[in-house]
Amino acid sequence: MGKKYSKKEVRSKWNDITEEPNLIYRNGEKIFNYSGFVKGHPALRYFEYISKIMLEDFDVLKRIGETPGNLRKDKSFDMDHEGTLDISGKDEDLKITERRLAVALYNSSHHFRFGKIFDYETPLKEKEASGIGEIDLLSKRNEEVGIIELKIGKSQKGETLFRALMEAYTFTKLINKRKEKFIKDFGLKNEISFRPIVLTLTDSFCAENMHMLVNGNAPNLKDLIIKMNAHLAKIEILPFEFYAFDSENPALKQDEQGKIIFENSKFLEVRVMEYDYR
DNA sequence: TGCCCGACTTAAACCCAGTA
DNA sequence: TACTGGGTTTAAGTCGGGCA
């Protein structure tokens, strides 16, 4: 096993990252992705303990996304993405990556349970070098816009539901600060509401975490999500939803126009699981 | 002015080493 | 020896400066 941290050490790491609320998801990336157990507590997963800390320090979570910082103001949120990636000189068998899957989902134009993808890698910041990053995917279902965090990593590589949760929570609160602009940039109706969503594949570590959540094996994480939802409701943001494609990593390819697409379009018919934790 | 190239940025993917 | 956290590399984009 690698290094283990005690409760005290975990709490200290949390205290180190609370200074800049909008960047907690990023500065806490390491501890949020820990998949093991707290030192001296063989049944207590790090994300369960950190959830407990966050429930106690919930004021910090309220502050996330409250100050716009370098949030996009003048430039359009709509980057006119074309569904292509510059993969010249890379492996020709096009092994799957998160980014490539995101683009393939966009290019599919398919209506999934969680909606139809209408953009990917949507920038949040005005200038480069301002910390906050990009939204993996945007989906639309009736009058709802899904702020989707995509996670496909297997257990060995980390990538917990907890980390995805923090990203989706932060990005949704931030984009909500620029709702009018977002609606105008993408030519949407005024009635839309945002909803944070985590999307994964059933063989990922993230999906394992979703199972723990619905099976009652992550009580603190569940309480945290419920509390986040209650807070989001006050600012007219819809509660979290969690989905997984019931599939292993699908094969991808590049078409003549350079667009990333699914090698077998049957992937689009694969079952999409919803993990109902409520 | 337009374009080419290199530096920088973010997040993901990979690889390694130490420990239970 | 398997696991997992730490550290490094890769991926892909964006920006800015130099130069024709």
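To find a chain, count down the sequence lines: A is the first, B the second, and so on, and within it residues start at 1.
No side-chain donor-acceptor contact under 3.5 Å links Arg63(A) to the backbone of Pro21(A).
Look at Tyr5(A) and you'll find a side-chain N or O under 4.0 angstrom from OP1 or OP2 of dG6(C). A sub-4.0 Å separation between OP1 or OP2 of dT10(C) and a side-chain N or O of Arg99(A) is absent. Look at Tyr46(A) and you won't find any side-chain N or O under 4.0 angstrom from OP1 or OP2 of dT4(C). Proximity of Ser35(A) to the phosphate of dG5(C): a side-chain N or O atom is located under 4.0 Å from OP1 or OP2. Side-chain nitrogen and oxygen atoms of Arg100(A) include at least one within less than 4.0 Å of the OP1 or OP2 phosphate oxygen of dA12(C). The shortest distance between the side-chain N/O atoms of Arg26(A) and the OP1/OP2 oxygens of dA11(B) is below 4.0 Å. Between dG5(C) and Lys13(A), no contact under 4.0 Å exists linking OP1 or OP2 to a side-chain N or O.
Between dT10(B), dC14(B), dA12(B), one nucleotide has an atom nearer to the side chain of Lys95(A) than all others, and that is dC14(B). When each of dA12(B), dC15(C), dG6(C) is scored by its nearest atom to the side-chain atoms of Lys75(A), the top-ranked nucleotide is dC15(C). Candidate nucleotides dA13(B), dA12(C), dT14(C) were compared by shortest atom distance to the side chain of Glu98(A), and dA13(B) ranks first. Checking dG13(C), dA11(B), dA13(B) against every side-chain atom of Ile152(A), the shortest atom distance belongs to dA13(B).
Within 4.0 Å (heavy atoms only), Lys151(A) reaches sugar-phosphate atoms of the nucleic acid but no base atom.
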I'd like a list of close polar pairs between nucleotides 7-9 of chain C and the protein, N/O only, cut-off under 3.5 Å.
{"unit_1": "dG7(C)", "atom_1": "N7", "unit_2": "Lys30(A)", "atom_2": "NZ", "d": "3.3"}

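Here the shortest heavy-atom pairing between Phe114(A) and Ile117(A) reads CE1-CD1, 3.8 Å.
Relative to the ring axis of Tyr5(A), Lys3(A) places its NZ or CZ within 45° and under 6.0 Å from the centre.
Each of Phe240(A), Phe242(A), Phe171(A) was checked for a side chain to side chain contact (heavy atoms under 4.5 Å, CB included) with Pro196(A), and the lone residue meeting it is Phe240(A).
Protein atom CD of Glu159(A) is 11 Å distant from nucleotide atom P of dC14(B), rounded to whole Å. Per the geometry, CE belonging to Met79(A) stands 17 Å off P belonging to dA12(C), to the nearest Å. Between the CG atom of Leu252(A) and the P atom of dA13(B) there is a distance of 12 Å, given to the nearest Å. Atom-to-atom, CD1 of Ile96(A) to C1' of dA13(B) comes out at 13 Å; the value is rounded to the nearest Å. Straight-line distance from the CZ atom of Phe205(A) to the C1' atom of dT4(C): 10 Å, rounded to whole Å.
Partners of Lys189(A) under the salt bridge (Lys or Arg N to Asp or Glu O under 4.0 Å) rule, at least two apart in sequence or in another chain, are Glu143(A).
Proximity of Phe245(A) to Leu199(A): side-chain heavy atoms (C-beta onward) are separated by under 4.5 Å at one or more points.
Note on ring orientation: taking the six-membered ring where Trp is involved, the planes of His231(A) and Tyr169(A) are tilted (angle from 30° to 60°).
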